[in-house]
Amino acid sequence: MQKVNVPSLASSAYVHIPFCRRRCFYCDFPIFVVGDRQRGETSVTISGYVDTLCEEIAITPVFGQPLQTIFFGGGTPSLLSTAQLAQILGTLDKRFGIVPDAEISMEIDPGTFDLAHIQGYRSVGVNRVSLGVQAFQEELLKLAGRSHSLKDIFAAIDLIHQVEIPEFSIDLISGLPHQSLDQWQDSLETAVNIAPTHISIYDLTIEPGTAFGRYYKPGDNPLPTDETTVKMYQMGQRILTDGGYEHYEISNYAKPGHQCRHNRVYWENCPYYGFGMGAASYVEGKRFTRPRKTKEYSQWVQELIANHGVIDWEITPKADVLLETLMLGLRLADGVSLAALTEEFGKEKIQELHQCLQPYFTQGWVQVVGDRLRLSDPDGFLFSNVVLADLFSQLG
């Protein structure tokens, strides 16, 4: 199992790029629809946001050491030009420093970039891409409101291979409306045959305010039944592990040595910077989330500059830190260290934790292996929400 050393000081940065050509029907992320990158007003809008983003980065206090991981999420970061991406990375490097072997990840969508773009991203330091495929069936892409086609997916994969980006991840969604087990099996097997270094599987969540939230109610047709989504999860675990991928986190699979270093920072509840609209930061035990709309975010950055980078942080209470550590850490296959929990929260609190978990030890959903408290795979992962809800109820 890959071990990743996550530092106690902030050395990771998430950068939110909110622009999309359209809003997918399941999406509730803070985004701004700009249409095609060739439109002049789109270029102006993105350029203005990048300038504001760099202003925020430049005024942010330094809480740690040089950056070891950087993650460009969205939205659709692949709507950035190479020059805009280089501008952001240059600002990060000037303010915080970036170590030579930093993992620099970028979410990209099929149909939003060409060879020149992906070559440009690689040239300025991107060494990991996450391709938002979601499904390998044309009808499901349309049902989900995706702006790309099946042809776009394979064209994008070809470009990634041409540029030889070292780390390549594919994102898939299970539980889509009308999605059958046969379609899901086909998507999984297609992904394995493409052989990226990493695959992420997300079970569809119907969020209020989204198009799907208006169209469907959880549990109703044409959404797959709970029984079917359980089978989808089990099928994913079986096909991907048989295909040589380690199931290292509830939703994530990686070839040996290819786990996402940046995302482990979140799951191990370690500090990180967040920049951009709606992004969250967690440094020195304090959290802060930025405004989710472009105008409010821009105004907030100007106020931040006027206040010389001073932010009104929210301090996380000790009891909440324990629950957050468990909520995030139990997502990992190797779980959390009982010795580390005891050192930070005390022997009495960990004894209380064991008492809360006793029914789930008996059920086989929770295990202790050596020093590690972890969920079993796949049953513990499948019922993680039940376990965590109980912990929050009894320990909160």
Side-chain angles (χ1 to χ4, degrees), residues 22 24-27 107-111 130-158 160-161 168-207 210-255 258 333 375-385:
R22 64 187 294 182
C24 299
F25 297 159
Y26 52 80
C27 175
E107 292 180 346
I108 58 176
D109 276 1
S130 181
L131 185 67
V133 170
Q134 314 314 358
F136 282 101
Q137 294 78 33
E138 201 77 63
E139 62 272 27
L140 290 181
L141 295 173
K142 292 177 181 177
L143 276 170
R146 298 294 289 174
S147 61
H148 66 261
S149 65
L150 198 56
K151 181 180 177 182
D152 291 331
I153 292 173
F154 289 105
I157 291 168
D158 181 58
I160 292 167
H161 288 325
F168 167 34
S169 181
I170 282 178
D171 290 353
L172 297 174
I173 297 180
S174 63
L176 288 166
H178 301 285
Q179 188 178 37
S180 68
L181 284 169
D182 286 344
Q183 288 174 322
W184 181 235
Q185 180 173 339
D186 177 68
S187 283
L188 292 165
E189 291 175 347
T190 301
V192 170
N193 289 334
I194 292 166
T197 55
H198 190 282
I199 298 174
S200 297
I201 293 175
Y202 301 106
D203 186 44
L204 177 69
T205 301
I206 303 295
E207 301 287 357
T210 64
F212 275 178
R214 296 190 295 273
Y215 301 159
Y216 311 120
K217 292 182 180 179
D220 289 351
N221 287 328
L223 296 172
T225 63
D226 288 345
E227 180 183 3
T228 299
T229 57
V230 166
K231 289 180 179 178
M232 286 178 170
Y233 189 87
Q234 293 169 331
M235 182 185 291
Q237 191 263 4
R238 175 178 54 80
I239 290 175
L240 296 185
T241 54
D242 286 349
Y245 292 86
E246 295 175 338
H247 190 189
Y248 76 99
E249 192 270 344
I250 285 181
S251 302
N252 288 274
Y253 299 77
K255 294 284 189 180
H258 294 278
L375 298 175
S376 61
D377 183 12
D379 288 350
F381 282 161
L382 271 169
F383 295 100
S384 60
N385 287 341

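Just the heavy atoms: all of them, side chains too, but no hydrogens, waters or symmetry mates, feed the values below. In this text the structure is predicted, and so the values were computed from the model without any measurement.
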Next on the checklist: side chain to side chain contact (heavy atoms under 4.5 Å, CB included), that's the test. Do Tyr26 and Arg146 meet it? Break it down for me.
Outcome noted: CA-CA 10 Å; Tyr26 52 80; Arg146 298 294 289 174; 3.1 Å; yes
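- Across Ile157, Ile160, Ile170, Val133, a single residue satisfies side chain to side chain contact (heavy atoms under 4.5 Å, CB included) together with Pro196, and that is Ile170.
- By the side chain to side chain contact (heavy atoms under 4.5 Å, CB included) test, Ile206 pairs with Leu204, Phe212, Pro218, Leu223, sequence neighbours left out.
- Between Met232 and Ser180, the shortest heavy-atom distance links the atoms CE-O, 3.9 Å.
- Across every non-hydrogen atom of Pro110 and Ala156, the tightest pair is CA-CB, 4.0 Å.
- Pairs engaging residues 223-243 under the salt bridge (charged side-chain N to carboxylate O under 4.0 Å, His left out) rule: Glu227-Lys231 [sequence neighbours left out].
- Thr210 pairs by the side-chain hydrogen bond (donor to acceptor under 3.5 Å, both in side chains) definition with nothing, not counting sequence neighbours.
- Contact check for Thr229 versus Ser174: no side-chain heavy atoms found under the 4.5 Å cut-off.
- Listed by chain and number, the residues in a ring pair (Phe, Tyr, Trp, His ring centres under 6.0 Å) with His161 are Phe168 (sequence neighbours excluded).
- Scored by the ring pair (Phe, Tyr, Trp, His ring centres under 6.0 Å) test, Tyr245 finds no partners at all (sequence neighbours excluded).
- For Ser169, the side-chain hydrogen bond (donor to acceptor under 3.5 Å, both in side chains) criterion is met by His198, not counting sequence neighbours.
- Here the CG atom belonging to Asn221 is positioned 9.0 Å from the NE2 atom belonging to His178, to the nearest 0.5 angstrom.
- Annotation: side chain of Trp184 is in contact with side chain of Ile201 (closest heavy-atom distance under 4.5 Å).
- Across Gly132 and His148, no two heavy atoms sit closer than the pair O-CE1, 3.2 Å.
- In this structure, Pro177 and Pro222 have side chains that are in contact, with non-hydrogen atoms separated by less than 4.5 Å.
- Heavy-atom minimum distance, Gln179 versus Pro224: O-CG, 3.8 Å.
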Only distances under 3.5 Å count here; give the side-chain donor-acceptor pairs of residues 188-195 to other protein atoms, sequence neighbours excluded, each with its distance to 0.1 Å.
from, atom 1, to, atom 2, distance (Å)
Glu189, OE2, Gln185, NE2, 3.0
Thr190, OG1, Asp186, O, 2.7
Asn193, ND2, Glu189, O, 3.2

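- Not a single ring pair (Phe, Tyr, Trp, His ring centres under 6.0 Å) links Tyr202 to another residue, sequence neighbours left out.
- Looking at heavy atoms from C-beta onward, Ile153 lies in side-chain contact with Phe136 at the 4.5 angstrom threshold.
- The salt bridge (charged side-chain N to carboxylate O under 4.0 Å, His left out) search around Glu107 returns none, not counting sequence neighbours.
- Listed here is the closest heavy atom pair of Leu172 and Ser187: CD1-O, 4.1 Å.
- Summarising the geometry of Ala144 relative to Leu176, their closest heavy-atom pair is CB-CD2, 4.3 Å, with the distance given to 0.1 Å.
- Between the CG atom of Leu131 and the CD1 atom of Ile199 there is a distance of 11.5 Å, given to the nearest 0.5 Å.
- Looking at Gln137, its side chain does come within 3.5 Å of a backbone N or O of Gln183 through a donor-acceptor pair.
- The side chain to side chain contact (heavy atoms under 4.5 Å, CB included) check on Glu138 picks up Leu141, Lys142, Ser149, Leu150, with sequence neighbours excluded.
- Residues meeting the side chain to side chain contact (heavy atoms under 4.5 Å, CB included) test with Thr205, sequence neighbours left out: Glu207.
- For the pair His247/Phe381, a side-chain contact is recorded, criterion being any heavy-atom separation below 4.5 Å from C-beta on.
- With rounding to the nearest 0.5 Å, the separation of CG in Asp203 from CD1 in Ile250 is 11.0 Å.
- Residues forming a side chain to side chain contact (heavy atoms under 4.5 Å, CB included) with Ala155 (at least two apart in sequence, or on another chain): none.
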